[in-house]
There are 2 protein chains.
Amino acid sequence: MLTKAQIKHLQGLKLKKYRQNYTDFVIEGDKLITEALLGNVIPDLLIATPEWLKANAGTLPEYIQVAEADANEMAKISSLSTPSPVLALVKKQIPDLQRIHPETSWVIALDDIRDPGNLGTILRTADWFGIDAVVCSEDCVELYNPKVIQSTMGAIFRVQVVYTNLAQWITSKSVKAYAAVLDGEDIRHVHFGDAGVLVIGSESHGISPEVKAACQHQISIPGFGRADSLNASVAAAICMHQLRLHA
Amino acid sequence: MLTKAQIKHLQGLKLKKYRQNYTDFVIEGDKLITEALLGNVIPDLLIATPEWLKANAGTLPEYIQVAEADANEMAKISSLSTPSPVLALVKKQIPDLQRIHPETSWVIALDDIRDPGNLGTILRTADWFGIDAVVCSEDCVELYNPKVIQSTMGAIFRVQVVYTNLAQWITSKSVKAYAAVLDGEDIRHVHFGDAGVLVIGSESHGISPEVKAACQHQISIPGFGRADSLNASVAAAICMHQLRLHA
């Protein structure tokens, strides 16, 4: 059974202000729990309904601390409109900009991405394309927003995410940086090479002037219709596919 | 001022069951209103706050019927968590499968897409790539769901959407149909040509066996990491980009 203090902590973690003071966060549902375990991320605490625990009895490593909760308690601590029968507390990443090396591999940089679904989807897509580092401007949506976590589909356990001053960081690196804009060079004709920084801008106003100035290259996805822009996570995905086109 | 009957109708249109009995739907915010007018879609009624109407006095065509509503009324009829100062009632598309021609141009087919954001984003992306027809299986999310409309960013006024039995429709056409799956031919090596059907499957279980059987080709987006799948709207976007790669 959950203690009152545990319920209070789990409920608190739904709020950004509260989350920022703790080193753990909540993952919900079978998919994320499986991905955590596959990534050797051991939950500090796994909370599940008696039915879920019965059905998954043989599959959980014995050293995981488990608490039972009924459907009512799950609804209280869940961030989902349809609460999952299982959730877990896991440790946040330790952000370390020194471990991100655009000199030797591709890094995605996000300037002012505000939509949680977009950030999560971009991490999932980066993971698909074997890109394991994303650098976010400080005004991007918070990584541990439950909607971000949910839409990463587990990429949160494989892709490193660090928040920093993007323009300064890019400038400090002597690497090729490509800004995805609406009037740049057609990405179909760009030779990307094996490493560098790909910058994707905000949903509403693109890449900021300071960040754009830090990039040597401006690139664009060719359009054939009348739409005036693409969704940010879609644009990021097409650019990542193009990066790997000749891989 | 809005009448009580108008408020009731506008509130009703938030519900799928109610919407299905009417030929109009609601669009919210400046972006969608602008796109409607650009697409020669004349709102039956435009509803806005006095402040919005003052600010946009010169820009609205005179023949549009306008009603004022205060912020409280807007909140009642809005589907957004942050209500917009302007919304409008416009006519739905007239679905007509006879006007969709995969023999001469690319058509996107969606099998059981349930997430409103995904459907809207796929329409927006299709519009970007100059694809003006999307055929949905009958179990796809409803086109007039407010979240779908919002995420189309106006593509709803340019891309035709028809719901039908997908397997039967594909079989009835003698065209090349490509199913996006996880174990098909690498899309980088596929020569797509100028027309055909591209099928994208559901978020949770991909393309159904019947629809897959109706497709001659199975194609896949090459992955380079450990993610086991891509978001449906991301997969659709990468495939559409690839269709236009040599255009």
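Below, read A as the first sequence line, B as the second, and so on, with proteins coming before strands; counting in each chain starts at 1.
Not counting sequence neighbours, the partners of A:Ala177 by the side-chain contact (heavy atoms from CB on, under 4.5 Å) test are A:Ile170, A:Val197, A:Cys215, A:Gln216.
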Please lay out, stage by stage, how B:Ile238 and A:Phe129 fare under the test side-chain contact (heavy atoms from CB on, under 4.5 Å).
-> CA-CA 12 Å; B:Ile238 293 171; A:Phe129 285 109; 3.7 Å; yes

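Shortest non-hydrogen contact noted between A:Val234 and B:Ala237 is CG1-CB, 3.5 Å.
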Between chain B and chain A, which N or O donor and acceptor atoms come closer than 3.5 Å?
unit_1: B:Lys31; atom_1: NZ; unit_2: A:Asp228; atom_2: OD1; d: 3.1
unit_1: B:Lys31; atom_1: NZ; unit_2: A:Asp228; atom_2: OD2; d: 2.7
unit_1: B:Arg124; atom_1: NE; unit_2: A:Ser229; atom_2: O; d: 3.4
unit_1: B:Arg124; atom_1: NH2; unit_2: A:Ser229; atom_2: OG; d: 2.7
unit_1: B:Arg124; atom_1: NH2; unit_2: A:Leu230; atom_2: O; d: 3.1
unit_1: B:Trp128; atom_1: O; unit_2: A:Phe224; atom_2: N; d: 2.6
unit_1: B:Trp128; atom_1: O; unit_2: A:Gly225; atom_2: N; d: 2.9
unit_1: B:Trp128; atom_1: NE1; unit_2: A:Pro222; atom_2: O; d: 3.1
unit_1: B:Arg188; atom_1: NH1; unit_2: A:Arg244; atom_2: O; d: 2.9
unit_1: B:Arg188; atom_1: NH1; unit_2: A:Leu245; atom_2: O; d: 3.3
unit_1: B:Arg188; atom_1: NH1; unit_2: A:Ala247; atom_2: O; d: 3.3
unit_1: B:Pro222; atom_1: O; unit_2: A:Trp128; atom_2: NE1; d: 3.1
unit_1: B:Phe224; atom_1: N; unit_2: A:Trp128; atom_2: O; d: 2.7
unit_1: B:Gly225; atom_1: N; unit_2: A:Trp128; atom_2: O; d: 2.9
unit_1: B:Asp228; atom_1: OD1; unit_2: A:Lys31; atom_2: NZ; d: 3.1
unit_1: B:Asp228; atom_1: OD2; unit_2: A:Lys31; atom_2: NZ; d: 2.7
unit_1: B:Ser229; atom_1: O; unit_2: A:Arg124; atom_2: NE; d: 3.4
unit_1: B:Ser229; atom_1: OG; unit_2: A:Arg124; atom_2: NH2; d: 2.7
unit_1: B:Leu230; atom_1: O; unit_2: A:Arg124; atom_2: NH2; d: 3.2
unit_1: B:His241; atom_1: NE2; unit_2: A:Gln242; atom_2: OE1; d: 2.6
unit_1: B:Gln242; atom_1: OE1; unit_2: A:His241; atom_2: NE2; d: 2.6
unit_1: B:Arg244; atom_1: O; unit_2: A:Arg188; atom_2: NH1; d: 2.9
unit_1: B:Leu245; atom_1: O; unit_2: A:Arg188; atom_2: NH1; d: 3.3
unit_1: B:Ala247; atom_1: O; unit_2: A:Arg188; atom_2: NH1; d: 3.3

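Highest contact tally toward chain B, considering only A:Ala155, A:Pro222, A:Ala236, A:Gly154, is held by A:Pro222 [criterion: heavy-atom pairs under 4.5 Å].
Within a 6.0 Å radius of CD1 in A:Ile94, other residues, nucleotides and ligands contribute 12 heavy atoms or fewer.
With a threshold of 4.5 angstrom between heavy atoms, A:Ile221 approaches chain B through its backbone and through its side chain.
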